[in-house]
Amino acid sequence: AASLNGSATLTVVAASPTSTQVTTATQNLQITLPQRTITINGTSTFTETVADNGGGVVVTTHHWTSPQIVVSSVRNARTSTFTLSNVDQTRAVTTTNGVISARTRSGTITIDAQLPNGSWTVTTATQGAVTYDANGVPTQGSWTITLPNNIIGITVVPGTLTVTADWGA
């Protein structure tokens, strides 16, 4: 049977009609399943703000930060560990009369994996804000994806997607 042990907290830091901020913390939160045990440790902060710009235009912004979240999985005495770090992500959604009319996203995140047969690290960062249309399709912006030995750049401008690679960076 599955079981859950450890500590998880959600703290409301601030709340108002236009803004909410919460922090989360897990300390040795263990999920035990018949063939695997998963352990979660880490902290994060989530902030949501809502700005009514008048004329039916509302912008909702979400901001997520975390110094580190570690998820470990043990199965058959083999451990896999995934670490999220350097998390600083912002997403804004604009609605006009209740319908999504624009989206933007910006920020950075690093994912590190330590696996039984190897390891890897990936850092993804936007270069300024990336804009999306109402359907979530990127329309303008750029990202940098940093891998252990290479850097990949992706740039979107209306009608064009450009991918660059720096092998051996």
Side-chain angles (χ1 to χ4, degrees), residues 2 4-11 13 21-49 60-93 102-133 135-169:
L4 178 65
N5 292 298
S7 170
T9 59
L10 174 74
T11 304
V13 177
Q21 183 178 61
V22 298
T23 59
T24 66
T26 56
Q27 186 172 14
N28 291 320
L29 184 64
Q30 285 194 338
I31 304 156
T32 304
L33 304 169
Q35 296 184 19
R36 178 181 315 270
T37 299
I38 299 167
T39 304
I40 305 169
N41 286 290
T43 60
S44 64
T45 300
F46 297 93
T47 305
E48 178 184 80
T49 58
T60 304
T61 303
H62 298 110
H63 187 209
W64 174 39
T65 60
S66 175
Q68 181 171 284
I69 298 171
V70 179
V71 179
S72 296
S73 172
V74 178
R75 178 180 173 149
N76 296 331
R78 294 173 56 124
T79 301
S80 298
T81 302
F82 298 90
T83 303
L84 295 177
S85 61
N86 194 30
V87 178
D88 189 350
Q89 295 280 312
T90 301
R91 179 183 77 145
V93 177
R103 305 171 201 224
T104 63
R105 180 177 294 274
S106 63
T108 185
I109 188 169
T110 298
I111 304 170
D112 177 78
Q114 300 296 318
L115 308 170
N117 295 323
S119 62
W120 52 264
T121 301
V122 174
T123 298
T124 302
T126 62
Q127 307 307 307
V130 175
T131 59
Y132 300 81
D133 67 14
N135 296 314
V137 176
T139 57
Q140 188 155 347
S142 60
W143 299 261
T144 300
I145 303 169
T146 305
L147 304 168
N149 299 309
N150 306 300
I151 297 174
I152 299 170
I154 301 170
T155 302
V156 175
V157 296
T160 304
L161 170 73
T162 304
V163 178
T164 59
D166 184 352
W167 305 116

Do any side-chain atoms of residues 76-89 form donor-acceptor pairs under 3.5 angstrom with protein atoms, and if so which ones, sequence neighbours left out?
{"unit_1": "Thr81", "atom_1": "OG1", "unit_2": "Ser72", "atom_2": "OG", "d": "3.3"}
{"unit_1": "Asp88", "atom_1": "OD1", "unit_2": "His63", "atom_2": "NE2", "d": "2.6"}
{"unit_1": "Gln89", "atom_1": "NE2", "unit_2": "Thr108", "atom_2": "O", "d": "3.1"}

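- Ala102 meets the side-chain contact (heavy atoms from CB on, under 4.5 Å) test with Thr94; sequence neighbours excluded.
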Would you mind writing out the side-chain donor-acceptor pairs for residues 124-132 within the sub-3.5 Å range, not counting sequence neighbours?
{"unit_1": "Thr126", "atom_1": "OG1", "unit_2": "Gly107", "atom_2": "N", "d": "2.9"}
{"unit_1": "Thr126", "atom_1": "OG1", "unit_2": "Gly128", "atom_2": "O", "d": "2.8"}
{"unit_1": "Gln127", "atom_1": "NE2", "unit_2": "Ala125", "atom_2": "O", "d": "3.4"}
{"unit_1": "Gln127", "atom_1": "NE2", "unit_2": "Thr144", "atom_2": "OG1", "d": "3.0"}
{"unit_1": "Thr131", "atom_1": "OG1", "unit_2": "Thr139", "atom_2": "OG1", "d": "2.9"}
{"unit_1": "Thr131", "atom_1": "OG1", "unit_2": "Gln140", "atom_2": "N", "d": "3.4"}
{"unit_1": "Thr131", "atom_1": "OG1", "unit_2": "Gln140", "atom_2": "O", "d": "3.3"}

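- Take Gln114 and apply the side chain to side chain donor-acceptor pair (under 3.5 Å) test, not counting sequence neighbours, and it matches Asp112.
- The side-chain heavy atoms of Trp64 and Ile109, taken from C-beta on, include a pair separated by under 4.5 Å.
- A pairwise comparison of heavy atoms in Gly168 and Asn150 identifies N-OD1, 2.9 Å as the closest pair.
- At distances below 3.5 Å, at least one donor-acceptor pair connects side-chain atoms of Asp133 with backbone N or O atoms of Asn135.
- Take Thr49 and apply the side chain to side chain donor-acceptor pair (under 3.5 Å) test, not counting sequence neighbours, and it matches no residue.
- With sequence neighbours excluded, the residues satisfying side chain to side chain donor-acceptor pair (under 3.5 Å) with Arg91 are His62.
- With sequence neighbours excluded, no residue forms a side chain to side chain donor-acceptor pair (under 3.5 Å) with Ser142.
- In terms of the side-chain contact (heavy atoms from CB on, under 4.5 Å) criterion, residue partners of Thr11 (sequence neighbours excluded) are, by chain and number, Thr23.
- Applying the side-chain contact (heavy atoms from CB on, under 4.5 Å) test to Ala8 and every residue at least two apart in sequence or in another chain returns Thr26, Leu29.
- Ile152 has its side chain out of reach of Trp143: every pair of non-hydrogen atoms, C-beta onward, lies at least 4.5 Å apart.
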